[in-house]
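Computed from a prediction, not measured in an experiment: that's the story for all the values here. Throughout, a chain's letter reflects where its sequence line sits, starting with A, and its residues are numbered from 1.
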Number of protein chains: 2
Amino acid sequence: MVKKQKYVYEWPRPGVTVDIALFTVAGTLQHLRLQVLLIERDEEPWRGMWALPGGFVRENEDLEGAARRELQEETGIQGAWLEQVTAVGTPGRDTRGHIITVVYMGLTAGDRHHLAPRGDARAARWFEVSALPKLAFDHALLLDHAVTHLRRRLDEAPICFELLPERFTLSELQALTEAILGRPLDRRNFRRKVAHLGFISEAEGTRREGRHRPAQLYRFVPQAFMEHAERQKAVPF
Amino acid sequence: MVKKQKYVYEWPRPGVTVDIALFTVAGTLQHLRLQVLLIERDEEPWRGMWALPGGFVRENEDLEGAARRELQEETGIQGAWLEQVTAVGTPGRDTRGHIITVVYMGLTAGDRHHLAPRGDARAARWFEVSALPKLAFDHALLLDHAVTHLRRRLDEAPICFELLPERFTLSELQALTEAILGRPLDRRNFRRKVAHLGFISEAEGTRREGRHRPAQLYRFVPQAFMEHAERQKAVPF
DNA sequence: GCAAAAGTGTTGAAGGTACACCCATGT
DNA sequence: ACATGGGTGTACCTTCAACACTTTTGC
């Protein structure tokens with residue numbers, strides 16, 4: 001019998017960070033714009049520049065957990081919906097050395113939180129995605145990946161329920177979707193698609209908002225959404 | 001003016017690995033099976049168990065470069081087509097400590113290489129995806145992600161040209177696709193779709209293989225494929 | 001009665017699926 | 001002549017895009 005031996009192996013240790021592109025939508029219903037949350041760095045390198053919130057993954061910390069923690073620490077935001085986008089580790093992307101980042105993308109209602117920059121962040125602000133400042137590191141590239149990912153997901157299904165109150169109108173849902181995709185959608189086609197997906201159900205009551213017909217309210221049905229996600233998966237061998 | 005100061009910052013250093021699920025297809029044309037390349041570990045932990053090839057990312061090494069290097073070192077295979085699948089960093093997934101892995105997926109023609117296990121690998125072998133041994137670490141989960149990714153991509157377009165000789169018949173391309181997707185496809189529909197995508201063009205000559213009509217040969221047109229990939233991307237703001 | 005947003009159906013195009021027969025060859 | 005895989009067309013259905021008028025309300 002071979003005796004179980006203790007082994008010692010030292011491996012290279014690049015840094016690992018998470019960066020979060022957290023999106024929201026702001027403006028009036030007829031003129032919503034997609035915005036992304038940026039922080040002004042209070043640390044070198046790139047001190048004073050705008051960047052995606054993010055930071056180093058701690059020992060024994062889950063990747064998504066790290067993303068949530070950094071978001072909370074640097075901006076005060078909790079409870080957003082997050083999805084992993086990709087990992088990027090091109091040498092030279094960070095002047096501090098070899099640092100690999102895992103990019104997360106998320107959505108939240110901007111006005112539900114008030115921004116509380118702390119830690120590495122001197123300031124935190126929402127920026128229109130169409131009017132960004134120059135970004136630190138390769139964050140312009142990471143953001144580009146995140147926007148592409150978000151749009152691809154949203155093309156499949158309107159997953160922007162995070163941005164809405166519990167009960168919402170179909171016009172609101174459509175305006176949001178349009179703002180994120182950056183193009184107008186046909187109202188009738190949109191309603192048919194959403195109804196067919198079955199993620200929403202009629203809620204009690206209507207909303208009167210101006211001198212016009214009140215709108216039916218709807219509610220997101222998380223369970224139907226989950227079932228839809230399950231159905232997307234491939235069959236195992 | 002604030003004088004530019006030198007800063008010192010030490011960050012936590014989880015390990016970063018890449019793991020590669022490299023697929024091929026083997027068997028006769030009428031009975032192809034999807035296979036994945038595994039190595040038998042020659043190092044603790046999990047010594048003697050089968051695992052995905054992979055290993056630590058070196059200082060200042062690109063992620064995909066690391067995947068290619070590990071694949072070459074552990075199995076002798078070079079020049080496969082690779083795509084990133086996801087990053088996984090669940091605490092406890094590796095007994096050596098906090099180790100984050102970036103999973104790559106790839107395709108190559110198994111019989112174009114002969115396997116030359118070295119380094120951490122005591123052996124390297126192709127296994128049927130439908131008859132896998134128990135895998136080290138959480139590699140069963142990683143492999144599952146990779147298969148799902150592969151099938152989703154292949155559903156969109158037959159990207160398995162890596163598995164074919166320079167000139168191939170449509171029946172070969174179809175048999176491959178069927179083996180990977182794990183379900184049969186209608187011949188006429190398949191041909192129409194492939195022709196419509198425009199990735200292939202007729203090549204000179206035919207192939208006579210048995211006592212039946214010879215098949216037209218085709219050739220992959222990388223440029224048409226690239227243009228298709230470009231078209232998939234979303235519009236910038 | 002008019003302004004303003006809510007709500008609703010139909011048609012045509014494109015893409016996907018299902019299905020059956022003839023063709024070229026070797027034996 | 002027959003066995004074997006190569007090669008082709010058509011009908012149906014589903015999905016998506018385009019398009020305009022009526023309804024309900026506040027003023």
Side-chain angles (χ1 to χ4, degrees), chain A residues 27-32 151-152 154-158 164 167-179 181-219 228 231-232 235, chain B residues 27-32 151-152 154-158 164 167-179 181-219 228 231-232 235:
Chain A
T28 63
L29 256 200
Q30 23 298 338
H31 192 63
L32 289 173
R151 289 208 177 127
R152 218 191 312 262
L154 205 62
D155 243 345
E156 295 161 15
L164 291 165
R167 293 184 302 160
F168 52 87
T169 70
L170 290 181
S171 295
E172 288 169 334
L173 182 59
Q174 179 175 351
L176 276 176
T177 309
E178 288 176 333
L181 292 181
R183 67 182 144 92
L185 300 171
D186 181 86
R187 190 153 36 133
R188 285 166 286 192
N189 295 338
F190 180 80
R191 283 164 185 247
R192 188 173 23 247
K193 182 172 178 178
V194 171
H196 181 251
L197 285 169
F199 298 171
I200 60 171
S201 72
E202 270 197 18
E204 64 287 1
T206 55
R207 178 173 301 158
R208 296 168 295 284
E209 192 111 30
R211 49 178 185 169
H212 56 79
R213 179 173 178 175
Q216 179 63 49
L217 289 170
Y218 291 83
R219 192 190 304 280
H228 177 85
R231 252 172 279 136
Q232 301 285 92
V235 221
Chain B
T28 62
L29 256 200
Q30 14 311 331
H31 192 62
L32 289 173
R151 289 206 176 128
R152 219 193 311 262
L154 205 62
D155 243 346
E156 294 161 15
L164 291 165
R167 292 184 304 160
F168 52 87
T169 70
L170 290 181
S171 295
E172 289 170 334
L173 182 58
Q174 180 176 349
L176 276 176
T177 309
E178 289 176 333
L181 291 181
R183 69 183 142 92
L185 300 171
D186 181 84
R187 190 152 37 129
R188 286 167 286 194
N189 296 337
F190 180 80
R191 284 165 185 247
R192 191 175 20 248
K193 180 172 178 177
V194 172
H196 181 250
L197 284 169
F199 298 171
I200 60 170
S201 70
E202 270 197 18
E204 64 288 1
T206 56
R207 177 173 303 158
R208 296 168 295 284
E209 193 111 29
R211 48 177 185 169
H212 56 78
R213 179 174 178 174
Q216 178 63 49
L217 289 170
Y218 291 82
R219 191 192 306 281
H228 177 87
R231 253 172 279 136
Q232 301 285 93
V235 221

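- The side chain of B:His212 lies closest to D:dG5 when the candidates are C:dT8, D:dG5, C:dA4.
- Counting to the nearest Å, the P atom of C:dG16 and the CZ atom of B:Phe190 are 13 Å from each other.
- The separation between B:Gln30 atom CD and D:dG6 atom C1' is 13 Å, rounded to whole Å.
- No engagement by A:Thr169 is indicated, since no non-hydrogen atom pair under 4.0 Å with the nucleic acid exists.
- In this structure, the side chains of A:Gln216 and A:Leu170 stay at 4.5 Å or more apart for every pair of heavy atoms.
- Toward the 5′ end of DNA chain C lies the nearest nucleotide of A:Glu172, the other residue of the pair A:Glu172 and A:Arg188 mapping further downstream.
- Across the protein-nucleic acid pair, B:Arg187 atom CZ and D:dG9 atom C1' stand 13 Å apart, rounded to whole Å.
- Atom-to-atom, NE2 of B:His196 to P of C:dG15 comes out at 5 Å; the value is rounded to the nearest Å.
- Between B:Asn189 and A:Arg208, it is B:Asn189 whose nearest contact on DNA chain D lies nearer the 5' terminus.
- Residue order along DNA chain D, read from the 5' end via each residue's closest nucleotide, puts B:Asp186 first among B:Asp186 and A:Lys193.
- Annotation: side chain of B:Gln174 is in contact with side chain of B:Leu185 (closest heavy-atom distance under 4.5 Å).
- Contact between the side-chain N/O atoms of B:Arg191 and the OP1/OP2 oxygens of D:dG7 is found at a separation under 4.0 Å.
- Put simply, the side chain of B:Arg192 and the base of C:dG16 share no donor and acceptor less than 3.5 Å apart.
- Rounded to whole Å, atom P of D:dA17 lies 13 Å from atom CD of A:Glu178.
- In terms of polar N and O atoms assigned as donor or acceptor, the side chain of A:Arg213 never comes within less than 3.5 Å of the base of C:dG7 in a complementary pairing.
- One can place CD of A:Glu156 at 15 Å from P of D:dT15, the figure rounded to the nearest angstrom.
- Between D:dG6 and B:Ser171, a contact under 4.0 Å exists linking OP1 or OP2 to a side-chain N or O.
- Among the nucleotides C:dG26, C:dT25, D:dC27, the one closest to the side chain of B:Pro214 is C:dT25.
- Side-chain atoms of A:Pro158 and A:Leu197, non-hydrogen and from C-beta on, do get closer than 4.5 Å to each other.
- Nucleotide D:dG7 holds its C1' atom 14 Å from the CD1 atom of B:Ile200, rounded to whole Å.
- Taking the charged nitrogens against the carboxylate oxygens, A:Arg183 and A:Asp155 do have a contact shorter than 4.0 Å, which makes a salt bridge.
- A straight line from CG of B:Leu173 to C1' of D:dG6 spans 15 Å, rounded to a whole angstrom.
- Between the side chain of A:Arg207 and the base of C:dA6, no donor-acceptor pair under 3.5 Å is found.
- Within a 6.0 Å sphere centred on CZ of B:Arg207, heavy atoms belonging to other residues, nucleotides or ligands number more than 12.
- Within 4.0 Å of B:Glu209, counting heavy atoms only, lies no atom of the nucleic acid at all.
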